[in-house]
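The structure appears below as structure tokens.
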Amino acid sequence: MTIPSFETIKRWQLIEDWPHRASVDAVITSMIDKGYSSETMVRAVRFIGAFIEYQNNRDGGEPERLDAGDIDQFIASRLSSGAIANGNRIALRRLQIELVRAGVLCPPAEKADPSEKVATLYGAELFRRGYSKQSITGHVWLARRFLRTVFFEQGDISHLTHIEVRAYLTNNFEGRKSNSLGTWFSHLRVLLRFLHATGLTEHDLSAAVPSPRNLRFSALPAYMSVSQLNSVLEACDLSTIPGRRDLAVLLLLSKLGLRASEVACQSASKIHPLSASNFGSDSYLMISRSKLARLSERNQHHGEQVSSVVPDPGRIDC
């Protein structure tokens, strides 16, 4: 490999006179060992020379003075003026590493990991509740994995939503066997309740974690707004038998909160006419109060206007 000549570089004399010239030589040697091209090395040395010139002018001609933040300030000044090319920052970071190795600079302080702080608090809370050491290890492992992803993608967890939790589940657990997901999903619900109880999230998002067997549907909306529901109901063609059937099924699902399996079990024998001679508009279907209470809680959880969706407890007119 041909080693380029750096003497023709405009600021090469500044580099030779710099008190920390040995660190520049170490950068060049490292780039040669890694097989970088001559053009790349020349650009790197040229940018290091520009930094030394900036440093000399900034410190009033005292090149021996060097602080940990000087390289960051130089990069920021170049970014603001648009005078920085690909690879320039990498060259200065290599120089920074060599300056640390030479004892000229102190190692940069590591930034605190917010996800690690939350995971530590979570582990302490589980210990307070009496969880076993083995159980705490499993809970905290999953918490770290979830929190690091959320902090990386969102930057904060305070405004985390059901949609983002579902997206995380789909991206990280889709395709796995349900028997291995049960424990993980249970751990995640405990974590989400903890985040809400400690005020780290605005809402309790534990309900966003479905049963493992329904994970393949997690990308679908968790619920419909009142306007969306009304649009679906209005789309049923009441002039046809299938349309009237579809409307009846949708009303049972949306107004009464019945599950699909419960709707499938309904029959004409469960519809009670008000008079023996009129089995039609003057009929009603009984529904338990617990069913209505569950639907009301679900809609309140999603911020819906419950009164516009849920009928009076006891029965629904047909």
Side-chain angles (χ1 to χ4, degrees), residues 1-120 140-141 143-157 168 171-172:
M1 176 181 178
T2 303
I3 300 176
S5 175
F6 301 110
E7 286 77 6
T8 57
I9 294 177
K10 179 181 178 181
R11 301 179 181 91
W12 179 250
Q13 190 60 45
L14 291 176
I15 295 176
E16 287 198 325
D17 296 338
W18 197 41
H20 314 299
R21 159 70 188 276
S23 296
V24 180
D25 291 339
V27 171
I28 296 173
T29 301
S30 174
M31 297 183 73
I32 293 174
D33 293 342
K34 293 179 180 178
Y36 282 86
S37 66
S38 299
E39 293 78 6
T40 301
M41 288 189 283
V42 168
R43 285 196 299 267
V45 172
R46 185 181 293 123
F47 197 67
I48 291 174
F51 164 70
I52 294 174
E53 182 180 50
Y54 166 86
Q55 190 69 14
N56 290 346
N57 296 335
R58 179 171 173 269
D59 288 334
E62 298 182 31
E64 69 278 358
R65 292 181 55 186
L66 192 63
D67 296 325
D70 290 344
I71 292 178
D72 293 333
Q73 291 177 7
F74 174 70
I75 292 176
S77 68
R78 285 302 184 100
L79 284 172
S80 62
S81 62
I84 189 169
N86 293 335
N88 288 343
R89 276 179 287 188
I90 298 176
L92 283 187
R93 293 307 177 197
R94 289 195 181 100
L95 177 63
Q96 185 178 25
I97 292 172
E98 296 301 335
L99 290 169
V100 170
R101 288 175 178 172
V104 178
L105 293 179
C106 295
E110 294 184 2
K111 295 182 179 179
D113 185 355
S115 63
E116 188 62 30
K117 180 180 178 180
V118 176
T120 301
V140 173
W141 177 85
R144 284 195 178 100
R145 181 176 177 180
F146 173 76
L147 292 168
R148 285 171 182 166
T149 301
V150 172
F151 274 109
F152 177 77
E153 294 178 351
Q154 308 296 329
D156 185 28
I157 62 173
Y168 171 83
N171 294 335
N172 291 273

pair H20-V24: side-chain heavy atoms closer than 4.5 Å: no
Heavy-atom closest contact (G49 atom, L14 atom, distance): O-CD1, 4.4 Å
Which residues share a salt bridge (Lys or Arg N to Asp or Glu O under 4.0 Å) with E16, sequence neighbours left out: R21
Interatomic distance, I52 atom CD1 to F47 atom CZ [nearest 0.5 angstrom]: 12.0 Å
Step-by-step side chain to side chain contact (heavy atoms under 4.5 Å, CB included) determination, I71 to R93: CA-CA 8 Å; I71 292 178; R93 293 307 177 197; 3.8 Å; yes
Over all atoms of both residues, closest heavy-atom pair of A26 and E98: CB-OE1, 3.3 Å
Mutual orientation of the aromatic rings belonging to F146 and Y168 [parallel < 30°, tilted 30-60°, perpendicular > 60°]: perpendicular
Closest non-hydrogen atom pair between A119 and L147, with its separation: N-CD1, 3.9 Å
Distance (rounded to the nearest 0.5 Å) between D25 CG and S30 OG: 12.5 Å
Minimum-distance pair of heavy atoms, taken over all atoms of N172 and R145: O-NH2, 4.0 Å
Closest approach of M31 to R94 (non-hydrogen atoms, all atoms of both residues): CE-NH1, 4.0 Å
Atom pair CD1 (I9) and CZ (R43), whose distance is rounded to the nearest 0.5 Å: 11.5 Å
Stepwise side chain to side chain contact (heavy atoms under 4.5 Å, CB included) check, Q55 with D70: CA-CA 8 Å; Q55 190 69 14; D70 290 344; 2.7 Å; yes
For the student: nearest non-hydrogen atoms of L99 and S23, plus distance: CD2-OG, 3.4 Å
F74 and F51 aromatic ring geometry - parallel, tilted or perpendicular at 30°/60° bounds: perpendicular
Euclidean distance, I28 CD1 relative to I15 CD1, rounded to 0.5 Å: 7.0 Å
